[in-house]
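All values below were derived from every heavy atom in this structure, side-chain atoms included, with hydrogens, water molecules and symmetry-related copies excluded.
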Amino acid sequence: MKVGDRVRVKESVVVYHHPEHRSQAFDIQGTEGEIVAVVTQWHDRPVSANFPFLVQFSKKFKAHLRDFEIEVI
């Protein structure tokens with residue numbers, strides 16, 4: 001997977017920062033978005049991020065996800 005790929009959340013992932021459901025548990029399984037970043041470096045140093053894929057679902061909602069939680073459409 002790379003930046004620009006359209007992806008779908010295939011696993012059950014509960015988030016608490018969805019703009020329409022603030023501070024409430026919200027499952028984003030089946031939601032589609034676009035990968036906007038793959039976290040591999042921080043301040044020019046390599047990192048091994050636990051949630052390396054930053055996916056933008058809407059203008060106000062982004063989430064960091066693992067590779068096995070999403071699939072390319």
Side-chain angles (χ1 to χ4, degrees):
M1 289 182 260
K2 60 187 181 308
V3 174
D5 284 352
R6 294 281 303 164
V7 293
R8 178 182 306 119
V9 180
K10 66 179 183 177
E11 299 281 327
S12 178
V13 178
V14 177
V15 296
Y16 291 86
H17 66 281
H18 192 280
E20 296 172 9
H21 305 277
R22 181 81 56 198
S23 300
Q24 298 174 355
F26 184 71
D27 191 358
I28 59 172
Q29 184 175 9
T31 308
E32 295 180 6
E34 180 179 336
I35 296 177
V36 293
V38 179
V39 180
T40 58
Q41 290 192 340
W42 185 73
H43 291 289
D44 297 326
R45 299 168 85 177
V47 296
S48 58
N50 292 335
F51 300 91
F53 297 98
L54 179 60
V55 180
Q56 181 156 8
F57 296 101
S58 67
K59 186 175 181 179
K60 294 183 177 183
F61 179 53
K62 294 180 188 177
H64 286 269
L65 300 169
R66 297 180 183 128
D67 58 347
F68 62 86
E69 295 174 331
I70 54 179
E71 63 185 354
V72 177
I73 302 176

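Put simply, CZ on Phe61 and CD1 on Ile28 are 4.5 Å apart, with the number rounded to the nearest 0.5 Å. Separating the CD atom in Glu11 from the CG atom in Asp27 is a distance of 10.5 Å, to the nearest 0.5 Å. Here the straight-line distance linking atom CD of Glu32 with atom CZ of Arg8 works out to 4.5 Å at 0.5 Å rounding. Here CZ of Phe53 is found 10.5 Å from CD of Glu69. Values are rounded to the nearest 0.5 Å. Going from atom CD of Gln24 over to atom NE2 of His18 covers 11.5 Å, rounded to the nearest 0.5 Å.
Grouping the Ile, Leu, Val, Met, Phe, Trp and Tyr side chains by contacts below 4.5 angstrom, directly or via other members, places Val13 with Ile70.
The two residues Phe57 and Ala63 make their nearest non-hydrogen contact at CE1-CB, 3.9 Å. In this structure, Met1 and Ile35 approach most closely via the heavy-atom pair CB-CD1, 3.8 Å. Between Lys10 and Gln29, the shortest heavy-atom contact is O-NE2, 3.3 Å. Between Gln41 and Asp44, the shortest heavy-atom distance links the atoms OE1-CA, 4.3 Å. Val3 and Ala37 make their closest contact through CG2-CA, 4.0 Å (heavy atoms, listed as atom of the first residue, atom of the second, distance). In terms of heavy atoms, Val55 sits closest to Val7 at CG1-CG2, 3.8 Å.
Between Val38 and Lys2, every side-chain heavy-atom pair lies at or beyond the 4.5 Å cut-off.
A side-chain contact (heavy atoms from CB on, under 4.5 Å) with Lys62 holds for exactly one of Gln56, His17, Glu34; it is Gln56.
The number of heavy atoms from other shown groups lying within 6.0 Å of OH (Tyr16) does not exceed 12.
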